[in-house]
Amino acid sequence: MTGISRRELLGTAMVTSALVNARPVFGMALAAAGGRDPRVEALIAAMTPREKAGQLTLMASAIGGRAATALNPPGTAAGAAAQIAAARAGELTGVFNGEGSGWHRRLQDAAVNSRLGIPMIFAADVIHGFRTIFPVPLAEAASFDPGLAQRTARVAAIEAAAAGIDWTFAPMVDIARDSRWGRGVEGAGEDVLLGRLFAAARVAGFQGRSLTDPDAVAACAKHFAAYGAGEAGLDYNSVDMSERTLREIYFPPFESALGAGAASVMAAFNEISGIPATANHWLLSDVLRGEWGFRGLVVSDYTADEELIAHGFARDGRDAARLAFLAGVDMSMQSGLYLAHLPELVASGAVPVARLDEAVRRVLTLKAAVGLLDDPFRRLGAGRERRLVRRPAHLALALEAARRAIVLLKNDGNLLPLAQGQRVALIGPFAAGAHDLIGPWNVYGDDGEAVDLATGLRAALRDPALLTVAAGSGVEAALPGGIGAAVAAARAADVVVLAIGEAANMSGEAQSRTDVTVPAPQRDLVRAVVATGKPVVIVLTTGRALALDDAVLAAPAILVSWFLGSAAGTAIAETLVGHSAPSGRLPVSFPIESGQEPYHYDHKPTGRPQPPGALQPYKARYRTVPNLARFAFGHGLTYGQMVYGDPDVGGGELGWNHTIDVSVLVTNTGKTDASEVVQVYVHARSASVTQPVRRLIAFRRCRIAPGTSETVHFVLDRKDLGFTGIDGRATVEPGRFDIWIAPSAEAGQPAQIELQPPIASASAP
Ligand code: BGC
């Protein structure tokens with residue numbers, strides 16, 4: 001692999017909220033010098049208003065990446081010619097999701113031959129790999145290892161940059177607490193600490209050591225803000241929430257991304273409490289620039305400025321351009337409204353020319369930062385793409401990441417790992433074939449270049465002749481004769497591997513679901529196969545947390561495989577046979593039923609909590625189920641057997657200016673070496689703002705040999721116990737806290753610690 005510093009993101013294996021809460025100096029590296037780039041200033045002085053508006057106008061590439069036709073308007077020769085003409089006229093700042101360095105080179109030739117020769121910037125949605133495809137971001141978060149995400153983002157950047165990409169619309173750092181929303185697959189799940197860590201890691205990976213390096217791509221933290229909180233899990237839907245919740249839950253991953261130097265931010269499609277994010281001055285200017293000091297570029301989402309009309313916020317295109325621009329959106333994606341209206345808006349005085357220059361300055365500064373003003377062809381060297389994509393080291397990393405993303409939900413009777421020598425029936429719509437391997441939101445990947453499960457299993461079994469494969473069912477429709485053939489295959493086997501779940505196009509953008517279950521025809525298949533009495537291992541392909549019904553839960557073993565990318569089948573097969581042990585943990589809670597959504601482990605208590613045990617009347621529970629997860633956030637088994645002791649908090653007293661060492665004894669009573677993620681959660685017994693029933697504040701991964709124990713320590717201070725106060729500011733209050741050191745968000749018994757008040761001379765944070 002091309003050199004990447006394996007620098008641990010936060011320099012320690014123990015990851016705590018205090019570390020990420022330390023507010024970095026925001027603002028991107030490219031503006032760090034503070035001074036203005038004379039080349040940029042000379043260009044601004046020479047530009048016409050139309051050329052300036054052109055620098056703020058980004059379009060989908062007329063010739064698209066492999067899957068881009070599904071995402072962008074299909075390309076035509078006329079479209080390509082028009083785009084080249086726009087580049088030559090200086091009316092196009094760049095394109096996104098374009099195909100290959102050859103096409104990008106043609107556009108760049110046109111741009112450098114425009115009146116002022118300002119190079120174009122090439123952007124792309126590089127969400128989880130470019131041609132080497134890594135697990136979807138949600139799956140990667142299951143590794144609970146931000147360092148892994150940094151490494152995969154680095155490789156994704158190396159490959160993308162080799163195809164001429166300067167800028168990625170990633171990472172998506174939206175907290176996703178409603179499994180009905182399809183885009184949770186693109187982020188790090190429901191938890192704020194994980195969200196912060198993965199946001200920073202991915203930015204560091206994409207941007208590398210220096211943005212000017214030819215293998216760096218500028219990152220874009222998206223979608224600002226609260227896009228994951230759309231009402232009822234419906235994509236693009238409105239959000240209505242308190243500023244405090246925005247600041248406590250939805251903003252922190254953005255702050256971390258910016259702290260890691262993210263060069264740009266994408267404004268979200270949704271409205272927040274009545275004001276669309278794309279026209280939200282408070283959000284984009286007061287908070288992002290004023291409070292956080294962000295100096296990078298803000299780009300709209302795809303036609304989001306024009307959508308201000310449909311929102312009922314702007315009168316027409318001119319009004320939409322004005323509102324978005326004045327709110328703080330520097331660059332318009334795809335609507336063309338800035339080019340159409342900004343020159344006139346400036347001429348009429350509706351938009352100050354200084355504001356226009358400021359936005360242009362941000363664009364040109366970004367172009368300078370990624371090296372384009374020095375060499376417009378920096379990432380367009382012929383042959384680089386062929387040489388640098390899908391290198392063996394990249395594919396090896398894809399396999400490592402895929403292995404580490406797999407989560408073992410249950411393993412009754414230690415059915416897994418499978419003993420060799422058994423006849424295996426591999427059944428289900430995801431058993432074989434070049435589909436649904438790389439997952440949603442991939443523009444350049446190819447399922448045909450990924451390993452399917454049947455191929456993976458044939459390679460992992462000592463005797464591949466012992467494997468039979470049957471589809472059994474389609475994903476959302478039954479297959480004629482499918483169940484009969486599957487049952488026959490199961491009967492003839494010693495063990496069944498059932499590969500079921502969601503297709504790639506069932507999550508991702510605009511793929512909200514009301515019922516987050518395995519589709520009904522597949523549940524029929526599971527029922528029939530389980531009824532054969534053969535032991536069944538379920539391998540669950542999914543881009544979201546699913547509500548697993550009794551049919552699926554009847555299987556003794558369940559592995560969540562998400563969408564694992566290029567090495568999907570190899571990683572799953574190696575895990576099934578025990579060449580690799582599962583070590584992932586759920587970054588999202590799997591609910592009991594869909595109707596619990598939005599379900600997240602860190603929900604608030606109510607005045608009437610349902611106590612453990614039988615459902616009681618007039619308590620916060622549903623008629624038939626408690627409001628708990630089926631498989632909680634943080635849950636994931638190993639092939640070892642972990643037993644936790646009670647948390648040891650010493651005397652339990654934490655002085656205001658002191659630290660406290662809390663620990664737990666973890667014993668591996670199993671027969672296999674295992675990797676455990678020990679998690680620390682807290683709950684403030686009483687606070688000036690009610691606090692979640694639990695909140696993850698730290699975790700540590702450790703390897704424990706069979707038959708041995710390890711005492712796992714965490715050193716905490718008062719910042720780990722902080723929260724966002726009613727005034728929106730970081731607050732720490734003395735008082736009593738429950739603390740769990742546990743294998744998941746709903747396991748274990750709490751100990752108590754007491755944070756002492758500051759002594760008279762000490763000051764609050
Ligand atoms: C998505 C963005 C994406 C953009 C460009 C939009 O539909 O919301 O996340 O970056 O398209 O492809």
Side-chain angles (χ1 to χ4, degrees), residues 10-24 144 191-194 196-197 244 247-249 252 256 601-602 604-605 633-634 644-666 676-702 710-765:
L10 295 167
T12 167
M14 179 186 123
V15 184
T16 75
S17 54
L19 282 167
V20 288
N21 280 342
R23 231 166 204 258
F144 271 56
D191 178 66
V192 178
L193 177 59
L194 270 196
R196 295 191 74 141
L197 293 166
R244 207 195 58 76
R247 289 184 181 278
E248 182 161 87
I249 308 296
S256 295
Y601 82 90
D602 53 345
K604 293 292 188 73
F633 171 89
Y644 280 63
D646 292 331
D648 181 353
V649 297
E653 308 250 301
L654 169 58
W656 187 254
N657 286 320
H658 294 88
T659 58
I660 185 169
D661 184 316
V662 299
S663 63
V664 69
L665 186 74
V666 184
E676 180 68 4
V677 179
V678 181
Q679 302 154 41
V680 183
Y681 297 90
V682 292
H683 166 66
R685 288 272 184 98
S686 69
S688 59
V689 175
T690 59
Q691 291 301 297
V693 292
R694 286 200 201 191
R695 186 163 55 83
L696 181 70
I697 58 161
F699 59 88
R700 188 198 286 276
R701 184 179 281 286
C702 47
E710 188 162 319
T711 303
V712 184
H713 291 268
F714 296 86
V715 178
L716 307 175
D717 65 27
R718 72 172 189 272
K719 288 207 189 72
D720 291 304
L721 306 177
F723 59 93
T724 302
I726 200 68
D727 59 357
R729 291 169 188 275
T731 305
V732 185
E733 289 174 356
R736 184 159 273 256
F737 294 79
D738 292 321
I739 181 164
W740 294 257
I741 311 181
S744 80
E746 290 178 5
Q749 291 302 320
Q752 278 74 47
I753 58 176
E754 180 95 25
L755 175 61
Q756 306 295 325
I759 46 170
S761 60
S763 57

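Residue indices begin at 1 and follow the sequence shown.
Val649 approaches Ala751 most closely through the heavy-atom pair CG1-CB, 3.9 Å. Summarising the geometry of Leu696 relative to Tyr601, their closest heavy-atom pair is N-OH, 2.9 Å, with the distance given to 0.1 Å. Closest approach of Ser744 and Gly634 over heavy atoms only: CB-C, 3.8 Å. A pairwise comparison of heavy atoms in Trp740 and Ala747 identifies CD1-O, 3.7 Å as the closest pair. Between Pro743 and Glu676, the closest heavy-atom pair is CB-OE2, 3.7 Å. Considering all non-hydrogen atoms of both residues, Arg247 and Thr724 come closest at CB-CG2, 4.2 Å.
Separation of the Phe633 and Phe144 ring centroids falls under the 6.0 Å cut-off.
Residues satisfying the ring-ring contact (aromatic ring centres under 6.0 Å, His included) criterion with Phe737, sequence neighbours excluded, are absent altogether. Residues passing the salt bridge (Lys or Arg N to Asp or Glu O under 4.0 Å) test with Glu754 are Arg736, sequence neighbours excluded. Residues that satisfy the salt bridge (Lys or Arg N to Asp or Glu O under 4.0 Å) test with Glu248, not counting sequence neighbours, are Arg244.
In Asp727, the CG atom is crowded: over 12 heavy atoms of neighbouring residues, nucleotides or ligands sit closer than 6.0 Å.
The distance from atom CD of Gln749 to atom CG of Asp738, rounded to the nearest 0.5 Å, is 10.5 Å. Taken to the nearest 0.5 Å, the CZ atom of Arg700 stands 13.5 Å off from the CD atom of Gln679. Between the CG atom of Leu654 and the CG atom of Leu755 there is a distance of 5.0 Å, given to the nearest 0.5 Å. Distance check: Gln756 CD to His658 NE2 gives 10.5 Å after rounding to the nearest 0.5 Å. The CD1 atom of Ile697 sits 5.0 Å away from the CD1 atom of Ile739 when rounded to the nearest 0.5 Å.
Tyr681 and Asp602 are not linked by any side-chain donor-acceptor pair at a separation below 3.5 angstrom, with hydrogens and angles left out of the test.
With contacts defined as side-chain heavy-atom distances shorter than 4.5 Å, the pair Pro647/Val662 does not qualify. Using a 4.5 Å cut-off on side-chain heavy atoms (C-beta onward), Leu721 and Leu716 make no contact. By the 4.5 Å heavy-atom criterion applied to side chains, His713 and Thr711 are counted as neighbours. Ile741 is not listed as a side-chain neighbour of Val712, based on a closest heavy-atom distance of 4.5 Å or more. Leu194 has its side chain out of reach of Arg196: every pair of non-hydrogen atoms, C-beta onward, lies at least 4.5 Å apart.
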| When you look at Arg718 and Asn657, which way does the side-chain contact (heavy atoms from CB on, under 4.5 Å) test go after all the steps? | CA-CA 8 Å; Arg718 72 172 189 272; Asn657 286 320; 3.1 Å; yes
| field | Worked verdict on Ser688 versus Ile726 for side-chain contact (heavy atoms from CB on, under 4.5 Å) | value | CA-CA 8 Å; Ser688 59; Ile726 200 68; over 6 Å; no
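Side chain of Glu733 to backbone of Thr731: no donor-acceptor contact under 3.5 angstrom is found.
Of the residues listed (Asp191, Val682, Val192), the one engaging Arg695 in a side chain to side chain contact (heavy atoms under 4.5 Å, CB included) is Val682, and it is the only one.
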